[in-house]
Enquirer: 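One structure, as structure tokens, below. Some questions next.
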Amino acid sequence: GSATAADLARTAYRRGVRLSPPGQSARHVVGVGCTCALASIPLKKGEHRCVVATYGMLGATEYALTLEKGRRDRWEEDGVASRLVVQALADAA
């Protein structure tokens, strides 16, 4: 969940810094990590949820979302999760 998303974000940030051109500031590098448990077949026993984390020079942020089971199909839940990732990146920029 949240620890995994945070670890993914930190790892992505470190890699982004490492791949940045020499001498360039890392202030525009942002790492993002996301873990989700979305609608599937067979049906999930637990909650449908999504955790997105960002990590950068401005700090770390985490977004968590629990989706109402049965309200959306897989594609719709994927769309909600994708929009959360984009919002997290926009907030971190």
Side-chain angles (χ1 to χ4, degrees):
S2 69
T4 300
D7 288 344
L8 289 168
R10 277 191 300 278
T11 300
Y13 173 78
R14 289 183 188 125
R15 180 160 187 192
V17 169
R18 194 172 61 250
L19 295 173
S20 295
Q24 183 175 340
S25 170
R27 68 186 180 121
H28 295 295
V29 176
V30 175
V32 65
C34 178
T35 62
C36 295
L38 304 177
S40 65
I41 297 174
L43 299 176
K44 289 200 179 336
K45 294 178 183 177
E47 294 180 322
H48 295 191
R49 62 192 180 282
C50 180
V51 179
V52 178
T54 59
Y55 186 88
M57 288 188 73
L58 298 177
T61 305
E62 182 181 298
Y63 301 76
L65 178 66
T66 301
L67 301 162
E68 183 181 335
K69 284 177 104 170
R71 182 166 179 195
R72 298 173 186 87
D73 65 19
R74 171 58 185 237
W75 294 109
E76 292 169 322
E77 286 191 357
D78 191 68
V80 171
S82 297
R83 287 189 294 277
L84 184 61
V85 169
V86 171
Q87 184 63 55
L89 283 170
D91 290 350

Enquirer: Which residues pass the ring-ring contact (aromatic ring centres under 6.0 Å, His included) test with Y63, not counting sequence neighbours?
Expert: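 For Y63, no residue satisfies ring-ring contact (aromatic ring centres under 6.0 Å, His included) once neighbours in sequence are set aside.
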
Enquirer: Once rounded to the nearest 0.5 Å, what's the spacing between atom OG1 of T54 and atom CG of L8?
Expert: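 Rounded to the nearest 0.5 Å, the OG1-CG separation comes to 12.5 Å.
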
Enquirer: Locate the shortest heavy-atom distance separating C50 from L84; write the atom from each residue and the value.
Expert: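 Taking every non-hydrogen atom into account, SG-CD2, 4.1 Å.
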
Enquirer: I'd like to know if the side chain of K69 and the backbone of A39 have a donor-acceptor N/O pair within less than 3.5 Å.
Expert: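 Not a single qualifying donor-acceptor pair exists.
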
Enquirer: Once rounded to the nearest 0.5 Å, what's the spacing between atom CZ of R49 and atom OG1 of T66?
Expert: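 Interatomic distance, R49 CZ to T66 OG1, rounded to 0.5 Å: 8.0 Å.
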
Enquirer: Mind listing the closest non-hydrogen atom pair of A5 and T35 along with its distance?
Expert: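 Heavy atoms only, the tightest pair is N-CG2, 4.1 Å.
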
Enquirer: State, to 0.1 Å, how close V29 and S20 come at their nearest heavy-atom pair, and which atoms those are.
Expert: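 Closest pair (atom of V29, atom of S20, distance): CG2-OG, 3.6 Å.
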
Enquirer: Tell me, please, which residues at least two apart from R15 pass side chain to side chain contact (heavy atoms under 4.5 Å, CB included).
Expert: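 If we apply the side chain to side chain contact (heavy atoms under 4.5 Å, CB included) test to R15, skipping adjacent residues, the hits are R18, L19.
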
Enquirer: If the condition is side chain to side chain donor-acceptor pair (under 3.5 Å), which residues does E76 pass it with, not counting sequence neighbours?
Expert: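 Side chain to side chain donor-acceptor pair (under 3.5 Å) list for E76, sorted by chain: empty.
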
Enquirer: For Y55 and A60, which heavy atoms make the closest approach, and how far apart are they?
Expert: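 Minimum heavy-atom contact is CD1-CB, 3.9 Å.
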
Enquirer: Once side chain to side chain contact (heavy atoms under 4.5 Å, CB included) is applied, do any residues pair with V80, and if so which ones, sequence neighbours excluded?
Expert: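 Testing V80 for side chain to side chain contact (heavy atoms under 4.5 Å, CB included), a comparison that skips the adjacent residues, returns L65, L67, R72, R83.
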
Enquirer: Show the nearest heavy-atom pair for residues A88 and V52, with the distance to one decimal.
Expert: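 In this case the closest contact between A88 and V52 is CB-CG1, 3.6 Å.
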
Enquirer: Using side chain to side chain contact (heavy atoms under 4.5 Å, CB included) as the criterion, list what pairs up with D78, not counting sequence neighbours.
Expert: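 Applying side chain to side chain contact (heavy atoms under 4.5 Å, CB included) to D78 gives L38, S82.
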
Enquirer: For R27, what residues pass the side chain to side chain contact (heavy atoms under 4.5 Å, CB included) criterion, not counting sequence neighbours?
Expert: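 Only S25, M57 meet the side chain to side chain contact (heavy atoms under 4.5 Å, CB included) criterion with R27.
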
Enquirer: Would the number of heavy atoms belonging to other residues, nucleotides or ligands and lying under 6.0 Å from CZ of R71 be above 12?
Expert: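 No, not enclosed.
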
Enquirer: Taking the side chain as everything from C-beta on, heavy atoms only, tell me whether H48 gets closer than 4.5 Å to E77.
Expert: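 Yes, close enough: below the 4.5 Å cut-off.
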
Enquirer: Which pair of heavy atoms, one from V85 and one from C34, lies closest together, and at what distance?
Expert: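 Taking every non-hydrogen atom into account, CG2-SG, 3.9 Å.
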
